[in-house]
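Note that the structure is predicted; figures quoted are calculated from it, not measured. Letters A, B, ... are given to chains in the order of the sequence lines, protein chains preceding strands, and every chain is numbered from 1.
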Amino acid sequence: MKIPMSRELPKAYEPSAIEKRWAEYWITEKLFSVPTPPPGEKRPVFTLLLPPPNVTGRLHMGHMLNQTQMDIIVRWHRMRGFLTLWLPGTDHAGIATQMMVERQLAKEGKNRRELGREKFVERVWEWKREYGGAILEQMKRLGASVDWDREYFTMDENLSRAVREVFVRLYEEGLIYRGKYIANWCPRCETVISDLEVKHSDVPGKIWEIRYPVIETALESDQTAAQSAAGRPERPSPREFITVATTRPETMLGDTAVAVNATDERYRHLHGKKVRLPLMNREIPIILDELANPEFGTGAVKVTPAHDPNDFEAGRRHNLPQIEILDEHARTNANAGPYASLDRFKARERVVADLEEQGFLVSAKDYMVPLGTCDRCGTVVEPRISEQWFVKIKPLAEPAIRVVESGEVSIVPENHKQVYLNWMNNIRDWPVSRQLWWGHRIPVWHCGDCNETIVARETPAKCPKCGSTKLEQDTDVLDTWFSSGLLPFTTLGWPEKTRDQEVFYPTTLLITAYEILFFWVARMIMFGCHFMKGHQQDPAIKKASGWGDKKDDSVPFRQVYIHALVRDAERQKMSKTKGNVIDPLEIIDRFGTDATRFTLAAMAAPGTDIAFNESRTEGYRNFANKIWNAARFMFMNQPADQSSAVSRQSSAGGVCGFEARTLEDRWILSRFNRVTKDVNAELTDFRFHEAASGIYNFFWTEFCDWYLELLKPRLNSDNGGEVRVAAGNLVRLFEAALRLLHPIMPFITEEIWQAIYEGQAPAKSIALAPYPQVDERQIDLAAETDMAILQDLIVSVRNLRAELKVETKMKVPVEIYAQDRATRALIEQNRGAVERLANVETIAFVETSLAKKGGSRNTARFDVHVVYERKIDTQVERARLQKELDAVEKEIESKQRQLGNDQFLSKAPGKVVDGMRSRLDELRILRDKLRKQLEELG
RNA sequence: GGGCGGUUAGCUCAGUUGGUUAGAGCGCGUGCCUUACAAGCACGAGGUCGCAGGUUCGAGCCCUGCACUGCCCACCA
């Protein structure tokens, strides 16, 4: 691909003009594709699995944050020489996709049942082929440096085969079983869903108290005796009632008992009795069970084993019948007698009305009702009995707990580790079957003749027990998370043993949102530890990659980084219903991908949510523009005979060929190395915000505002040699800074970097160039100290000029007193810089303090006085001085107190004590000068 | 009912193991179209770090309590 490139850059940076071009270039050149490495590969390896977005998904801010962080880490590793594999793909997203296509069908006036399963599934595949790639296309705009040659889809044949393999193995190991249990049922999706897929909330509603008449029995005499013992009236009322409370009165149609606690004295006389169920006119027993809490309500509770999980358990304990009164649509069925064929809420109304009419309703009170709704469609879920496949989870959870406890898998930030462990320690069996059509069909067949259940990897020809060919495959599909939980190894060729696994498994890192810690992360760890048990990563690679101390290579990843949630500017969670969703693509259109990425990076402090604020993005768009213009300046100042000043050899990563001749050269080189050192450390700890702001400050403040300004005279010098050095330094430093910035802002850095080399770049892309690494020898403390003094001097003069209201263009003479010889020498040597940057005509050094002169500034190292006829506003100046003096005196006092404290002197580190002493010395000088100045003002 | 987090400048947020002067961006004020950049430059104002105690030579950071505020988990009728 020919790279269009020009050193005549437009004045304002236009991201849209370049971003698309580079995104395409990276893909067509296959820059990020990683073929299976040959044996003997020794490079360190970095592997990252993209959390697969749903095929139905549209890119939202959460994705973008997630992908930006991943891309930063990935590009950073790649530039540091890691063999870097980032695996992209999409998830078939069972319910979501099926709903999407069903909606489409509905528009055509059809439904899936008319179509039939086979045709419907074909239809979903069509939809997937047509629209399923949308989110990955959107990803490309973000610049995500994934290996597109390895793109996967969770229903690809190879991944599906692995899913069947896993199911069969688990079954054979006794870790999968089938049973009739009560579970959350979504009447709209018509499938069972797991606890995790239910959202709980309390909503205003009602609680109804209902009385059930007690049936008098032959045991009455005993009861009476018991009552007397309990100090009750000797005679029971002719019609005794037992009162229960419920927030779902319609379920009483399915009641098969009333429970009281055995310890509850109030009900002792009713032990062994029965009640007559109102409306249904059915006799049901009073049972003694822990289910009834004497502290709550009346202490008596109705028991509906078919429609409540607690009652289900109680029902099992007491062998109670399970009477289902609701069907899969949550409509009442024939068991509801006169209330059959009603929507559940309609049934509720009728039941309440009739109870009231017949005198069974005791009360109806306002109440906050706990309500579970379907995560997908928002429908109120209904606990319902059905036959499902379950994964026995404890044996899988134990190793998954161990590897996190031991740090074989580390979770960052660490507080999520505890959350993970809490959940895992209380984990319950996982219902994995779903009554859907779209997904991995369960590899189980039922024999139509002998009813045998056959669990097999491939479709069996006949029943192994009776030889019948009347076999029907189980109609259910697997929970979407079942297949995505396998991805760390199935994408690397499992169940075959492959070279890819040897090299890339365990994956290095997982970056994901907190929300799917249980859904996905936990399942990956369980499956990884189970199915990759005994796996060993290529030892040379493992060591080179920095994981030599890890013992367990079965884990799916070495590290998990949990990132925050992106909220809107008001800190509200973004949601479609609230209408406060910020569309990242729209932000990108307006500010550019680089600026948007930078925003997310700069705000991504680990552990805190991000309130996405557009004004920040605008600021970072400006930052990109700043870099752009600095580049224009750089190109403008390249001598004609020095078209490519940068060595084509890539250096070890630092600034290559820089000739530090002057203070500003030594200073900027030192600063660059310091920032480089910091950024590398910060990225190691996922402190994206610190890395981003470090680079921002370096580029803008130090490089542009100071270094470029100091360089200008040298670039405009008549001395060709000097110009050459200055221009060369400029371009070399710039080149290195671009590499430093590249992981966060890949597009603009690529554009300028390529332009620097004019088609002769040492690599196909800056993304393949080395990442800057600190060269400690280039850190120059003296240069940094000296530069700070000069900056202080220049700012002081600028400040005085502003106060004296010197016309901007007018140069003024200044007088400087520096008692310290070194300081004076420093200023003398750099007087040109001071004159230029502070707009000074001449500098005159004097031998006595200038503190008494108006229009002066004093520091511990120097006094500077601007010679100008206009007088300062005495009032304002006095106030300013007084304020400063107060602050200084206050600080002196506190320092003196500390330095006078023996405990402090003996306990505090010497560095701190020395630092405080010299600071105190400076403060005293400053105080004296300020006092003199105040005296002078009178 | 449990668990976790937040409270720092007008706004949005940083502040890694406690250590000398608490930072940034935006916004605000003043002056500048200075030949890279007005999406810019220069200078400036603005904070008793939620409240009350405690530990320490030293606390924005550690401990206790309180207030307000978010989130997650949980089968309480």
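Nucleotide C13(B) forms a pair with G23(B), judged by Watson-Crick or G-U wobble geometry with both contacts under 3.5 Å. Base pairing annotation: C71(B) forms a Watson-Crick or G-U wobble pair with G3(B), both donor-acceptor distances under 3.5 Å.
Separating the OH atom of Y13(A) from the P atom of G40(B) is a distance of 15 Å, rounded to the nearest angstrom.
For K883(A) and A45(B), a side-chain-to-base donor-acceptor distance below 3.5 Å is absent, hydrogens and geometry of angles not being considered. At a cut-off of 3.5 angstrom, counting only N and O atoms as typed in the model, there is a donor on one side and an acceptor on the other between the side-chain of N310(A) and the base of C75(B).
Nearest to the side chain of R798(A), among A42(B), U12(B), G44(B), sits A42(B). Among the nucleotides U12(B), A36(B), A74(B), the one closest to any side-chain atom of R616(A) is U12(B). Side-chain proximity of H689(A) to C26(B), C43(B), G15(B): nearest is G15(B). When the nucleotides U20(B), C57(B), A77(B) are ranked by their closest atom to the side chain of F904(A), C57(B) comes out on top. Residue M603(A) places its side chain closer to U12(B) than to any other of C73(B), A36(B), U12(B).
For K677(A), the NZ atom is loosely surrounded, since the number of other residues' heavy atoms within 6.0 Å does not exceed 12.
Contacts of N415(A) with the nucleic acid, taken as non-hydrogen atoms under 4.0 Å apart, involve only primed sugar atoms and P, OP1 or OP2.
Between N622(A) and G40(B) there is a side-chain N or O to OP1 or OP2 distance below 4.0 Å.
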